[in-house]
Structures are given as structure tokens and as C-alpha cells.
Amino acid sequence: MPELKRLHADHAPAVLAFERANRAYFAASVPDRGDGFFDKFTDRYSALLAEQEAGICAFYVLVAEDGSVVGRFNLYDLENGTAELGYRVAQHVAGRGVATTTVRELCRLAVARHGLRTLRAGTSRENVASQRVLIKAGFVLVDPAGLDGGSGPWYQRDLVPRR
């Protein structure tokens, strides 16, 4: 059973392998990160760890029993009890409930570890699978057109009851 772990420096080779192996799969539903992402991966990875250390973001990887990364689950812009959720799973585990289960787990961690009350997540219009994951994980549609008429819908989940 894969385990959700907080991102650390030792995960870098497995994260890079995950991104390379799934690049074409991801590009079918979200904009491709481009060659620059891979060319400057070490610098970008260090920057992610620095953002996490500063408390700006929280990054997680879903690690299989063999040590490979099968998913990335991230909380961005942690501020005033709110954050944005982003995630991606490997093609070979997609459609098996892995993303839904892990998003639910991350929602629990968002409260327990990060003191968050609300998560928001956006998807492209074409990424129906991701929209289904969010709905199954308890998110509700709050902006069908996307921010400022953007590229897709936004969802929100209140993690703790409102007072």
C-alpha cells in the first residue's frame, strides 16, 4: 500500500523519475512543464524544499513499497487557514481510487499538521477525472468558469465546521 510522506531531499531522484515517466500522460490533461522543468529540476526541487521549510507550502509524495513515487500532493499558499490543493498520480495507478483516497488523507493532514480550515482546487475544463476526484473527496464546485473567467472550474472543501 502506498504511503503519503512529507517531501524531503532524499525523494528527489524518485520525483524526477515519476515526472519523466508520466510527462506525456500529464500533458494530455494539464499544460506540459516543458524541458526547462527537467533541465533545472535540482534548483526547482531545492526551491520547493525552501518554500516548505518557510511554511509557505507543504509538499507530499505518495511512495510505493518499492520506493517509487506514484503521486504528488501539494498544498500551496498556506495563509489564514486556507491553501490551494494540487495533485497528480502516475498513469499506472490512475482510475483506481488512489487520488481520491490520498486527497481525503491530505484533507485530514491539512487540519492536523497545518491548521488549515479550507482547501481550494482548480482543474482544467478537460480534466473530468480530477473533477470527479475532488467531488468524491468532499469538495464542492464554487466557480464553474474559473477565476476571472479562467481555464476551468474551482472547487472548495471546508475542513472544519464553520462557527
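Nothing here was measured: the structure is a model prediction, and the numbers come from that model. In this chain, numbering begins with 1 at the start of the sequence shown.
- Contact of the Gln52 side chain with the Leu48 side chain is not registered, since no non-hydrogen atoms from C-beta on lie closer than 4.5 Å.
- Sequence neighbours left out, not one pair with a member in residues 37-61 passes salt bridge (charged side-chain N to carboxylate O under 4.0 Å, His left out).
- Between Gln156 and Val142 there is a side-chain heavy-atom pair separated by less than 4.5 Å.
- Annotation: side chain of Tyr45 is in contact with side chain of Leu7 (closest heavy-atom distance under 4.5 Å).
- Of the inter-residue distances, the one linking Thr102 atom OG1 with Glu3 atom CD reads 11.5 Å to the nearest 0.5 angstrom.
- For the pair Val98/Leu62, a side-chain contact is recorded, criterion being any heavy-atom separation below 4.5 Å from C-beta on.
- Within the 4.5 Å cutoff, the side chain of Leu119 has heavy atoms near those of the Cys107 side chain.
- If you take NE2 on His11 and CZ on Arg6, they are separated by 11.5 Å, rounding to the nearest 0.5 Å.
- In the model, Gln131 has no side-chain atom that pairs as donor or acceptor with a side-chain atom of Arg125 under 3.5 Å.
- Pairs of residues two or more places apart, or lying in two chains, that qualify as side-chain hydrogen bond (donor to acceptor under 3.5 Å, both in side chains) and include a residue from residues 61-79 are Glu19-Arg72, Asp66-Ser68, Asn74-Tyr76.
- Side chain of His114 to main chain of Leu116: no donor-acceptor pair is present (N/O by atom type, distance under 3.5 Å, no hydrogens or angles).
- Listed by chain and number, the residues in a ring pair (Phe, Tyr, Trp, His ring centres under 6.0 Å) with Phe26 are Phe18 (sequence neighbours excluded).
- Cluster membership for Leu49 and Val63, using ILVMFWY side-chain heavy atoms within less than 4.5 angstrom, is shared.
- The closest side-chain heavy-atom distance from Tyr155 to Leu85 is not below 4.5 Å.
- Residues satisfying the side-chain contact (heavy atoms from CB on, under 4.5 Å) criterion with Thr101, sequence neighbours excluded, are absent altogether.
- In this view, Arg113 and Tyr60 satisfy the side chain to side chain donor-acceptor pair (under 3.5 Å) rule, not counting sequence neighbours.
- The distance from atom CG of Leu4 to atom CD of Glu105, rounded to the nearest 0.5 Å, is 4.5 Å.
- Between Phe59 and Leu75, the closest side-chain pair of non-hydrogen atoms is not below 4.5 Å.
- Taking both residues in full, the closest heavy atoms of Tyr25 and Ala94 are given as OH-CB, 3.1 Å, listed atom of the first, atom of the second, then distance.
- Taking 4.5 Å as the limit, some side-chain heavy atom of Val15 sits within range of a side-chain heavy atom of Phe41.
- Arg157 places a side-chain N or O within 3.5 Å of a backbone atom of Ala137 that can act as its donor or acceptor partner.
- Between Leu78 and Gly55, the closest heavy-atom pair is CB-O, 3.9 Å.
- Clustering ILVMFWY residues whenever any of their side-chain heavy atoms sit less than 4.5 angstrom apart, transitively, puts Val128 in a cluster other than the one holding Trp154.
- Using a distance-only test at 3.5 Å, with no hydrogens or angles considered, a donor-acceptor pair links the side chain of Asn127 to the main chain of Ser130.
- Contacts of Asp35 classified as salt bridge (charged side-chain N to carboxylate O under 4.0 Å, His left out), with partners at least two apart in sequence or in another chain: Arg23.
- The heavy-atom pair separating Ala99 from Val89 by the smallest distance is CB-CG1, 4.0 Å.
- Remark: side-chain polar atoms of Ser124 are paired, donor with acceptor, to backbone N or O of Ser29 under 3.5 angstrom.
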